[in-house]
Number of protein chains: 2
Amino acid sequence: MANLTRLKHEFTRSSDFLIAIGDQTRQKIMIALLDEKVIHQGLQVTDLVGVTGLSRPAVSHHLKILKEAKIVDYRREGTKNFYYLTHQTKAIDQLKTLLDHITEVMACNQQR
Amino acid sequence: MANLTRLKHEFTRSSDFLIAIGDQTRQKIMIALLDEKVIHQGLQVTDLVGVTGLSRPAVSHHLKILKEAKIVDYRREGTKNFYYLTHQTKAIDQLKTLLDHITEVMACNQQR
DNA sequence: TTTAATGGTTTAAAATAACGAACGGATAGG
DNA sequence: CCTATCCGTTCGTTATTTTAAACCATTAAA
């Protein structure tokens, strides 16, 4: 009962995140950002254009979505914007919670 | 290095699942199916039409996507199709693995 | 066999998302 | 001040997704 209401909220809460990370282009961007452990100062939009093979406006568009999903953030330096992953695990944790609850409810149904 | 290659594959592997569960209508369908713990014999398409407020072809379409993502399956009884959640946790587990690895790589970057 | 119920598929329309060309704003360097 | 660099935004186009009307197949019931 309350379980399903909770699930409903958790689905809603994780929707943006799910949509954000479901897209192939955005996955490429995230992987590139995960990769920059050497540089560790963020990647410029121009760099990500190279990674994705898309135009700058397209990349800019995806970065906006990732930014709104709190997955990335950026820092200005002159005219340059350095994008990096917010090292927040909040969205990840919330999604994990959702997945756990789904598993839980399924297991509960399973046994009867 | 190999970490990122692995992540890339895991992203690809979970893509269908992410896209499937990111949609609001499909979330409604899944919640309805999770709810049928009393009946526990599956829900008919007509039932799901009521739940979602959409037309039958639309529901049928979403069920197809959920079916291809191995999230639901169905059983025929005469002219009736009873849809239920495959109680497979494989896709869920794979996604959890992905999330764990992301967290891992992020933590690794964090410390330097 | 005829009629009703159930539901998948095809088709076409509508809504949404993704995309690049062109533009403009801000900053750095000369 | 002028020029170049970097990047977001606007706009119109294209691609993809979502949707329902119409159609067809299957099965059950009369």
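Computed from a predicted structure; not experimentally measured. Because only heavy atoms are used, hydrogens play no part in the values below, and waters and symmetry mates are left out as well, while side chains stay in. Throughout, a chain's letter reflects where its sequence line sits, starting with A, and its residues are numbered from 1.
As a whole-Å value, the separation of B/Arg76 CZ from C/dT6 C1' is 8 Å. Across the protein-nucleic acid pair, B/Lys67 atom NZ and C/dG8 atom C1' stand 8 Å apart, rounded to whole Å. Distance, B/Leu66 CG to D/dT17 P: 15 Å, rounded to whole Å. The nearest whole Å value for the distance from the CD atom in B/Gln24 to the P atom in D/dT18 is 12 Å. Remark: C1' of D/dC7 and CG of A/Asn81 are 6 Å apart, rounded to the nearest angstrom. Rounded to a whole Å, the CD1 atom of A/Ile29 is 11 Å from the P atom of C/dA18. In this structure, CD of B/Glu68 is placed 14 Å from C1' of C/dT9, rounded to the nearest angstrom. The distance from atom CG of B/Leu54 to atom C1' of C/dA14 is 14 Å, rounded to the nearest whole Å.
Taking only side-chain atoms of B/Thr46, from C-beta outward, the nucleotide of C/dG20, C/dG7, D/dA20 with the closest atom is C/dG7. You'll find that the side chain of A/Ile65 is closest to C/dA18, out of C/dA18, C/dT6, C/dT9. Comparing C/dA18, D/dC7, C/dG20 by their nearest atom to the side chain of A/Val45 picks out D/dC7. You'll find that the side chain of B/Pro57 is closest to D/dA22, out of D/dA22, D/dC6, D/dG8. The side chain of A/Thr79 lies closest to D/dT5 when the candidates are D/dT5, C/dT6, C/dG20.
Between A/Lys8 and A/Glu10 there is no salt bridge, since no side-chain N of the basic residue sits under 4.0 Å from a carboxylate O of the acidic one. Ion pairing between B/Lys70 and B/Asp16 fails under the 4.0 Å rule for side-chain N and carboxylate O.
At the heavy-atom level, A/Phe82 lies nowhere under 4.0 Å from the strands shown. If you check every strand for non-hydrogen atoms under 4.0 Å, B/His61 touches a base.
B/Tyr84 and A/Ile102 are not part of a single hydrophobic cluster, where members link through side-chain heavy atoms under 4.5 Å apart.
If A/Arg56 and A/His62 are placed on DNA chain C by their nearest nucleotide, the residue sitting closer to the 5' end is A/His62.
Note: B/Phe82 and B/Tyr74 fail the aromatic proximity criterion, with ring centroids not under 6.0 Å apart.
B/Leu85 pairs in a side-chain contact (heavy atoms from CB on, under 4.5 Å) with only one of the listed residues (B/Leu66, B/Ile71, B/Ile29), which is B/Ile71.
Within the structure, a side-chain polar atom (N or O) of A/Arg26 is placed less than 4.0 Å from OP1 or OP2 of C/dA18. Between B/Tyr83 and the phosphate of C/dT6, there is no side-chain N or O to OP1/OP2 separation shorter than 4.0 Å.
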